Amino acid sequence: MFAAAIFDMDGLLIDSERPIMAAWIEAARTLDIELSHSQYLQVVGLATAESELILGTLLGGPDAYRHAIAHVRKLLQLQRADGLPMFPIKPGAAEFLGALRQRGTRCAVASSSTSGQIQACLGSLDVLHHFDAFAGGDEVARAKPDPALYLLAAQRLGVDPAECVAFEDSENGAKAALAAGLRVVIVPDLKHPPTSIVERAFHVLDSLHEAVAHVPRWFPGQVMRT
């Protein structure tokens with residue numbers, strides 16, 4: 001059914017949204033501001049410029065935003081003090097990627113994070129070798145929901161977008177994949193996409209664990225990798 005799979009990263013392959021939200025809430029407290037979960041959820045899935053505008057408004061302006069983001073960067077490291085990754089892999093992700101690799105399915109990442117962040121995060125989790133191509137937010141002029149990231153990822157895979165399936169957790173990510181001509185499997189994270197997006201999805205899963213059982217049907221006739 002599909003020749004390739006293209007994955008979002010944050011909130012889909014790695015559990016980054018929760019520690020990032022916690023860091024922003026902690027940074028806001030250094031400004032004597034209580035940033036609520038619901039307020040932070042406004043920026044989930046948005047491009048950097050849009051999230052910067054919203055967070056700047058919530059925190060009291062550009063100077064407050066710059067103070068907060070400097071604090072957030074100090075809090076967020078790839079490795080925690082106990083040696084564990086700051087952004088652990090999501091449940092079922094490694095198992096699913098392994099099943100796709102065994103089937104010979106080409107895989108890519110299309111993430112709003114920069115190319116360097118993609119390489120660092122996935123490299124620290126030992127899953128980088130499962131991917132044949134990468135497309136980062138620093139490589140396109142417009143972020144999701146623009147289709148550019150997915151079109152670039154499909155081009156680098158050498159596969160027609162119509163033969164690819166995207167795995168996404170966010171509304172903007174799903175919109176980007178659909179606009180690029182891909183089918184979309186939604187695996188919600190912190191923020192569930194609206195009904196209007198869910199209704200256009202190929203499938204909705206609770207976790208990537210569930211995706212493993214679908215591999216034979218969704219990715220038939222592939223050649224086994226050695």
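Treat the numbers as computed from the prediction; the structure is a model and nothing was measured.
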(message) Can a donor-acceptor pair be found, under 3.5 Å and without considering hydrogens, that links the side chain of Q117 to the backbone of T114?
(response) yes
(request) Tell me whether V140 is reachable from F7 by hopping between hydrophobic residues (I, L, V, M, F, W, Y) whose side-chain heavy atoms are closer than 4.5 Å. (result) no
(message) If you count every heavy atom of other residues, nucleotides or ligands that lies below 6.0 Å from R18 atom CZ, does the total exceed 12?
(response) yes
(request) Please say which of I89, L97, V127 ends up in a side-chain contact (heavy atoms from CB on, under 4.5 Å) with L122. (result) V127
(message) Contact between D169 and D8 at the side-chain level, heavy atoms closer than 4.5 Å - yes or no?
(response) yes
(message) Test of understanding: with side-chain hydrogen bond (donor to acceptor under 3.5 Å, both in side chains), list the residues that count as partners of K90, not counting sequence neighbours.
(response) D189
(message) Using modelled atom types and a 3.5 Å cut-off, is there a donor and acceptor pairing between side-chain atoms of T105 and backbone atoms of R101?
(response) no
(message) List the residues meeting ring pair (Phe, Tyr, Trp, His ring centres under 6.0 Å) with H192, not counting sequence neighbours, and say none if there are none.
(response) none
(message) Can you list everything that forms a side-chain hydrogen bond (donor to acceptor under 3.5 Å, both in side chains) with H214? Sequence neighbours excluded, please.
(response) R217
(request) Identify the two heavy atoms, one from L149 and one from A135, that lie closest to each other, and give their separation to 0.1 Å. (result) CD2-O, 3.4 Å
(request) Over 60° means perpendicular and under 30° means parallel, so classify the ring planes of H203 and W218, tilted if in between. (result) perpendicular
(request) Spell out, yes or no, whether M1 and V185 are grouped together once hydrophobic residues are joined by side-chain heavy atoms under 4.5 Å, including indirect joins. (result) yes
(message) Quick check against the 3.5 Å criterion: does R106 have a side-chain atom that pairs as donor or acceptor with the backbone of A5?
(response) no
(message) What I want to find out is whether E168 reaches K144 closely enough, with some N-O distance under 4.0 Å, to be called a salt bridge.
(response) yes
(message) Minimum heavy-atom separation for A148 and D146, please, with both atom names.
(response) N-OD1, 2.9 Å
(request) For D160, enumerate each residue passing the salt bridge (Lys or Arg N to Asp or Glu O under 4.0 Å) test, keeping only those at least two apart in sequence or located in another chain. (result) none
(request) Output the rest of the hydrophobic cluster of V159: all Ile, Leu, Val, Met, Phe, Trp and Tyr residues reachable through side-chain heavy-atom contacts under 4.5 Å, sorted by chain and number. (result) I6, Y150, L157, L182
(message) Just to verify, what does S38 make a side-chain hydrogen bond (donor to acceptor under 3.5 Å, both in side chains) with, not counting sequence neighbours?
(response) S36
(message) Quick check for you: to the nearest 0.5 Å, what is the distance between I14 atom CD1 and M86 atom CE?
(response) 11.5 Å
(message) Going by salt bridge (Lys or Arg N to Asp or Glu O under 4.0 Å), name the residues that satisfy it together with E34, two or more places apart in sequence or in a different chain.
(response) R29
(message) For residues 44-74, which residue pairs pass the ring pair (Phe, Tyr, Trp, His ring centres under 6.0 Å) check, not counting sequence neighbours?
(response) W24-Y65
(message) According to a hydrophobic-cluster definition based on side-chain heavy atoms being under 4.5 Å apart (Ile, Leu, Val, Met, Phe, Trp, Tyr only), do L53 and L59 belong together?
(response) no
(request) State, yes or no, whether a side-chain contact exists between L152 and Q155 at a heavy-atom distance under 4.5 Å. (result) yes
(request) Considering non-hydrogen atoms only, spot the tightest contact between A108 and A153 and give its length. (result) CB-CB, 4.2 Å
(request) Check step by step if ring-ring contact (aromatic ring centres under 6.0 Å, His included) holds for F202 and F167. (result) CA-CA 10 Å; F202 173 71; F167 290 85; 9.1 Å; no
(message) With a 4.5 Å cut-off on side-chain heavy atoms, are Y40 and L58 touching?
(response) no
(request) Rounded to the nearest 0.5 Å, what's the gap from NZ on K74 to CD1 on I69? Could you check? (result) 13.0 Å
(request) Taking all heavy atoms of C121 and all of F87, pick out the closest pair and write down the distance. (result) SG-CD1, 4.0 Å
(request) To the nearest 0.5 angstrom, please state how far the CD atom of Q42 sits from the OG1 atom of T57. (result) 9.5 Å
(request) List the atom of G136, the atom of I118, and the distance in Å for their closest heavy-atom pair. (result) CA-CD1, 3.8 Å
(request) Any side chain to side chain donor-acceptor pair (under 3.5 Å) involving residues 174-184? Give me the pairs, sequence neighbours left out, ordered by first then second residue. (result) E171-K175
(message) I'd like to check Q119 versus F134 (side-chain heavy atoms, cut-off strictly below 4.5 Å). Are they in contact?
(response) yes
(message) To check you understand the geometry: which heavy-atom pair defines the closest contact between L55 and L35, and what is its length?
(response) CD2-CD2, 4.4 Å
(request) Could you tell me which residues satisfy side-chain hydrogen bond (donor to acceptor under 3.5 Å, both in side chains) with S115, sequence neighbours excluded, listed by chain and number? (result) D138, E139
(request) Give every residue pair that meets the salt bridge (Lys or Arg N to Asp or Glu O under 4.0 Å) criterion with at least one member in residues 199-216, sequence neighbours excluded. (result) none
(message) Are the side chains of H130 and C107 in contact, using a 4.5 Å heavy-atom criterion?
(response) no
(message) With a 4.5 Å cut-off on side-chain heavy-atom distances among I, L, V, M, F, W and Y, is there a chain of contacts connecting V165 to L208?
(response) yes
(request) Please round to the nearest 0.5 Å and tell me the distance separating atom CD of Q39 and atom CG of L41. (result) 10.0 Å
(request) Could you tell me the separation between the CG atom of D10 and the OG atom of S170, rounded to the nearest 0.5 Å? (result) 9.5 Å
(request) Kindly compute the distance separating CD (E50) from CD (E52), expressed to the nearest 0.5 Å. (result) 11.5 Å
(request) Tell me who clusters with I197, hydrophobic residues only, linked when side chains sit under 4.5 Å apart either directly or through other members. (result) L178, V184, I186, V198, V204
